[in-house]
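So that the names make sense, note that chain A is the first sequence line, chain B the second, and so on, each numbered from 1. What you see is a predicted model, and the numbers here were worked out from it, not measured in a lab.
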Amino acid sequence: MHEAYDFKAVQDKWLPVWDKLQPFKSGSDDDARPKKYVLDMFPYPSGDLHMGHAEAYALGDVIARYWVQKGFNVMHPIGWDAFGLPAENAAIKRDADPRQWTYENIAVQKASMRRYACSFDWDRTLHTCDPEYYKWNQWLFLQMYNKGLAYRKDSAVNWCPDCQTVLANEQVVAGLCERCDSAVTKKKLNQWYLKITDYADRLLDDMDQLEGKWPDKVLTMQRNWIGRSNGFEVKFEIEGEADPVTIYTTRLDTLHGATFMVVAADSAFAARLASGSSIEGEFKKYLDSVKAASDIDRLATDRPKTGVFLNRFAINPANGERIPIWASDYVLADYGTGIIMACPAHDQRDLDFAKALGLPIRVVIETGEADPNESGVATSDYGTLINSGTLNGLASLDAVEKLIAELESKKLGKRARNYRLRDWLISRQRFWGTPIPIIHCEKCGEVPVPESQLPVELPSATGLDLKPKGSSPLGAASDWVNVSCPKCNAPAKRDADTMDTFFDSSWYYLRYTSVDRDDVAFDKKAVETWLPVDQYVGGVTHAILHLLYSRFFTKVLHDLGHLNFTEPFTRLLNQGMVLMDGSAMSKSRGNLVKLSDELNTHGVDAIRVALVFAGPPEDDIDWSDVSPAGSLKFLNRAWRIAGDISSKPGVNFKDGDVALRKVTHKSLNDISLAVESFRFNVCIARIMELVNATRKAIDSGCGGADPAVREAAEIIAIALSLVAPYTAEEMWEKLGHKPAIANAGWPVVDPALLEDDAVEVVLQINGKIIDRLEVSPSITKENLEIAARANEKVAAALSGVEVKKSIVVAPKLVNFVI
RNA sequence: GCCCCUGUAGCCCAAUGGCAGAGGCAUGCGACUUAAAAUCGCACAAGUGUGGGUUCGACCCCCACCGGGGGCACCA
């Protein structure tokens, strides 16, 4: 009778030992070993860790621990994304300082991570809410400010009425606040922006080097988000205006079909065209109705088109035609020039508008499809030009070339590009974030805080009303906000807004290299040693926001001379979500599975194994399909093997049972391949297989004293150390070794043992299997065919018939076509 | 509406174009037990969503459709 495996005792036994040995402390910058930087997305400290964290960190851990075993100098750090609204909301509820809530939660999560046995280097950790960290946010902001990459402007911004703060475009999902699901409205405000649009082309083009290393899904999402469009700008004269206006189109070939012009109703240009004219009242009424509509209304695609005629006319430069100008909300003020030429026959939106308001529709491209006048469906394919004067008969693309040449020579048009991407709005009217290091002086205007005065620390929250009210709570901290101008010493005020917390996370991966430095954001040599990140692991929820911003920051810092690379994350793994009964776990849904409960019931290792084994890492896991009890059973079986080994450590494995050794080395080979290709579920299946084979060898094969059995057990322990570190360490001790198994080294596969003595070859006639044959794996094609023809059943089938073709794949199959 | 991913035993999942099954869960039977749980052993099952095509040969490649998931959705 075996003693029972007591996971609780094993956990309590090894944790303090590892704390002392620190098996995952990364080496210094001049370590001779090749480096690997494995990075998990850092958590937001809202309460304790949950199932999603458990999965993500288990996966990252497999990778980090594997490279440690392989002898790499691995850096695997963790920190906390510690600024943000939840801390502030919790503080408001409890009338406390957000600091307290945040640091308490960090302590809770850190303790959980230690128990969860994450292979983090605890000497490299950071909290973005520490002044030692956000000082460098401010420094970075000023670097960008000095380069003109951070600027202020007035514009209608996304406003969340619930959070009482502005949102970046990326934080608005289908018209709703991504955080609280409130309907987002527009508000005219003066705000800080980062000029990410300057980097649009590079952000797009550099994705070529990420191809195959990042999930296609993420690359596609980023490409869509940037939304580069290649087209043309064309100037149109306006009757009664001195200067022509410019429109943007991707379909220059349809220029002759432009039967009207539409300007964005909420643009300054529309207001100017309307002002003082007879339709001004009507226009204002329309504009008011447009402004009242929420984003959700605007986004409804089946919404009927509306607009108002501005009683003005433009001249189509292609044919001199006088076309009416309308204002409508289906044209966006902040894309292109906010003015379009409308070609209803070949653009569905324009067609819908023309039909709704009774405007002419002229087909100018013959595509062979039904006439849009009758079908109501715009024909958007390229084709042959008609109704287009001298261009008639030309193919679309030829017409474009001819037109652009003419327009260019008359300075009426040129090739142009547009992007869906907008500049990144970073100011937030909240307390718990990085203060923007700018002082507003009546005389000098915006004055950057001198570098020597950084950080601009947040004042104490005591006495401040943190409740959202549309302006930053910092504005009320009079001791803090009132300062003298660094330039002229006159009384001035600090900028009271704080930065979007995505600013914090856009460069934290650089800071890990230099957490103990207070004189620089990051040490150049350390960064050049460790970066770029070799493997980044995190949720697909950050496919656009965080990953796009981080790529942007890396390029900016590169251009400023601080980095020698332009992409921060070489490889990216997106783990799936952990669901319960088909939907995301949440307290309100009542389907929340508490991680701490599961850990108490089944132990850390069993939970880690269960999560990793549940399926491919990028797939969602349904917890109702997961069996932590089954995982614990498996760990038990593995652990018992260590107790059944009766040979001494150091015994020569070469003297062991060859059959088992072959299984062992085949498994080892498969395990390595599976880990390196992120098929961690397969990796565990292979370990299970090896455990089963070893069990059999002990019970009914070569027995527990055979060196091959020890070899198998040691390889099981080391492979298991990637996923189930406690069980592995316990096995390692039982096998007579000293801790830590994390540093045992990855066993080397003996290629000679991967060769089978004999393999089974399939014999087919016309693709149908008629027999099997045992042959040597090194058999030649010729010999295999001879052997196949000699087979009784084959010979019988082939006798008297003509073999049209024989396919011989050594050493797998022979197929005779008759 | 457009684009992408996906569909294999009751369930989760494996299978460089070459014997559909590696592993697990669940289930059934047996061993141990006074009994049960745990444990151990054995067994069970699909012809790969549907219809075409390419190929000597297709879960794998191509086309269409169906179901599931995701992204984009007035960006001219």
Could you identify the nucleotide paired to [N], looking across every strand shown and requiring Watson-Crick or G-U wobble geometry with both distances under 3.5 Å?
{"N": "G7(B)", "value": "C66(B)"}
{"N": "C61(B)", "value": "G53(B)"}
{"N": "A26(B)", "value": "none"}

Rounded to the Å, how far apart are [X] [atom1] and [N] [atom2]?
{"X": "K781(A)", "N": "G18(B)", "atom1": "NZ", "atom2": "P", "answer": "16 Å"}
{"X": "L673(A)", "N": "G23(B)", "atom1": "CG", "atom2": "P", "answer": "18 Å"}
{"X": "D620(A)", "N": "C5(B)", "atom1": "CG", "atom2": "C1'", "answer": "12 Å"}
{"X": "F353(A)", "N": "A76(B)", "atom1": "CZ", "atom2": "C1'", "answer": "14 Å"}
{"X": "I687(A)", "N": "G24(B)", "atom1": "CD1", "atom2": "C1'", "answer": "14 Å"}
{"X": "L219(A)", "N": "G71(B)", "atom1": "CG", "atom2": "P", "answer": "16 Å"}
{"X": "L632(A)", "N": "C25(B)", "atom1": "CG", "atom2": "P", "answer": "12 Å"}
{"X": "N815(A)", "N": "A58(B)", "atom1": "CG", "atom2": "C1'", "answer": "14 Å"}

For [N] versus [M], give the span between their [atom1] atoms, rounded off to a whole number of Å.
{"N": "A38(B)", "M": "A22(B)", "atom1": "P", "answer": "27 Å"}
{"N": "U48(B)", "M": "C13(B)", "atom1": "C1'", "answer": "13 Å"}
{"N": "A20(B)", "M": "G30(B)", "atom1": "C1'", "answer": "30 Å"}
{"N": "G1(B)", "M": "C61(B)", "atom1": "P", "answer": "27 Å"}
{"N": "A45(B)", "M": "A9(B)", "atom1": "P", "answer": "14 Å"}
{"N": "U50(B)", "M": "U33(B)", "atom1": "P", "answer": "50 Å"}
{"N": "G28(B)", "M": "C44(B)", "atom1": "C1'", "answer": "7 Å"}
{"N": "C74(B)", "M": "C60(B)", "atom1": "C1'", "answer": "40 Å"}

Hey, does [X] reach any base, or is it just sugar-phosphate, or nothing, if we go heavy atoms under 4.0 Å?
{"X": "V817(A)", "answer": "sugar-phosphate"}
{"X": "N681(A)", "answer": "sugar-phosphate"}
{"X": "Q764(A)", "answer": "base"}
{"X": "T220(A)", "answer": "nothing"}
{"X": "R686(A)", "answer": "base"}

Side chain to side chain contact (heavy atoms under 4.5 Å, CB included) between R640(A) and Y5(A), worked out: CA-CA 8 Å; R640(A) 265 191 298 115; Y5(A) 174 66; over 6 Å; no
From the list V400(A), L403(A), L407(A), side-chain contact (heavy atoms from CB on, under 4.5 Å) partner of F232(A) resolves to V400(A)
For D423(A) and T197(A), indicate whether the former's side chain and the latter's backbone hold a donor-acceptor pair under 3.5 Å. yes
Short side-chain N/O contact to C56(B) OP1/OP2 from K805(A), under 4.0 Å: yes
Is it the case that C72(B) (base atoms only) and N224(A) (side chain only) share a donor and an acceptor within less than 3.5 Å, ignoring hydrogens and angles? no
hbond_proxy K804(A) side chain to C56(B) base (donor-acceptor, 3.5 Å cutoff): no
Can a salt bridge be assigned to the pair E689(A) and K696(A) using a cut-off of 4.0 Å between side-chain N and carboxylate O? no
Is it true that R686(A) and D670(A) make a salt bridge, defined as a side-chain N closer than 4.0 Å to a carboxylate O? yes
D699(A) and R695(A): CA distance, side-chain angles, deciding distance, salt bridge (Lys or Arg N to Asp or Glu O under 4.0 Å) verdict: CA-CA 6 Å; D699(A) 291 347; R695(A) 181 81 260 157; 3.2 Å; yes
Syn-anti status, with the boundary at 90° from 0, for the nucleotide G47(B): syn
I want to confirm an ordering. Mapping A333(A) and L813(A) to their closest nucleotides on RNA chain B, which one lands closer to the 5' end? L813(A)
Residue mapping more 5' on RNA chain B - nearest nucleotide basis, D350(A) or A685(A): A685(A)
Taking the minimum atom-to-atom distance to the side chain of [X], which one of [options] wins?
{"X": "R679(A)", "options": "G70(B), C56(B), A15(B)", "value": "A15(B)"}
{"X": "Y335(A)", "options": "C74(B), A76(B), G23(B)", "value": "A76(B)"}
{"X": "K305(A)", "options": "C74(B), G71(B), A76(B)", "value": "C74(B)"}
{"X": "T250(A)", "options": "A22(B), A15(B), A76(B)", "value": "A76(B)"}
{"X": "D625(A)", "options": "G71(B), C13(B), C11(B)", "value": "C11(B)"}
{"X": "F613(A)", "options": "G23(B), C74(B), A76(B)", "value": "G23(B)"}
{"X": "V809(A)", "options": "G18(B), A76(B), C56(B)", "value": "G18(B)"}
{"X": "E689(A)", "options": "G18(B), A76(B), A22(B)", "value": "A22(B)"}
{"X": "N692(A)", "options": "G71(B), G23(B), C74(B)", "value": "G23(B)"}

Residues E785(A), S806(A); criterion side-chain hydrogen bond (donor to acceptor under 3.5 Å, both in side chains); working and verdict: CA-CA 8 Å; E785(A) 183 167 353; S806(A) 57; 3.2 Å; yes
Using 30° and 60° as the class boundaries, would you call the ring planes of H546(A) and H542(A) parallel, tilted or perpendicular? perpendicular
Would K305(A) and F353(A) count as a cation-pi pair here, with the cationic atom under 6.0 angstrom from the ring centre and within 45° of the axis? no
Go through F816(A) and Q764(A) one step at a time and tell me if the side chain to side chain contact (heavy atoms under 4.5 Å, CB included) criterion holds. CA-CA 6 Å; F816(A) 294 104; Q764(A) 299 178 326; over 6 Å; no
For nucleotides 40-44 of chain B, which of its nitrogen or oxygen atoms have a protein nitrogen or oxygen under 3.5 Å away, and what is each distance?
{"from": "C40(B)", "atom 1": "OP1", "to": "R637(A)", "atom 2": "NH1", "distance (Å)": "3.3"}
{"from": "C40(B)", "atom 1": "OP1", "to": "R640(A)", "atom 2": "NH2", "distance (Å)": "3.2"}

What closest approach, in Å, do A333(A) and D266(A) show between heavy atoms, and which atom pair accounts for it? CB-OD1, 3.5 Å
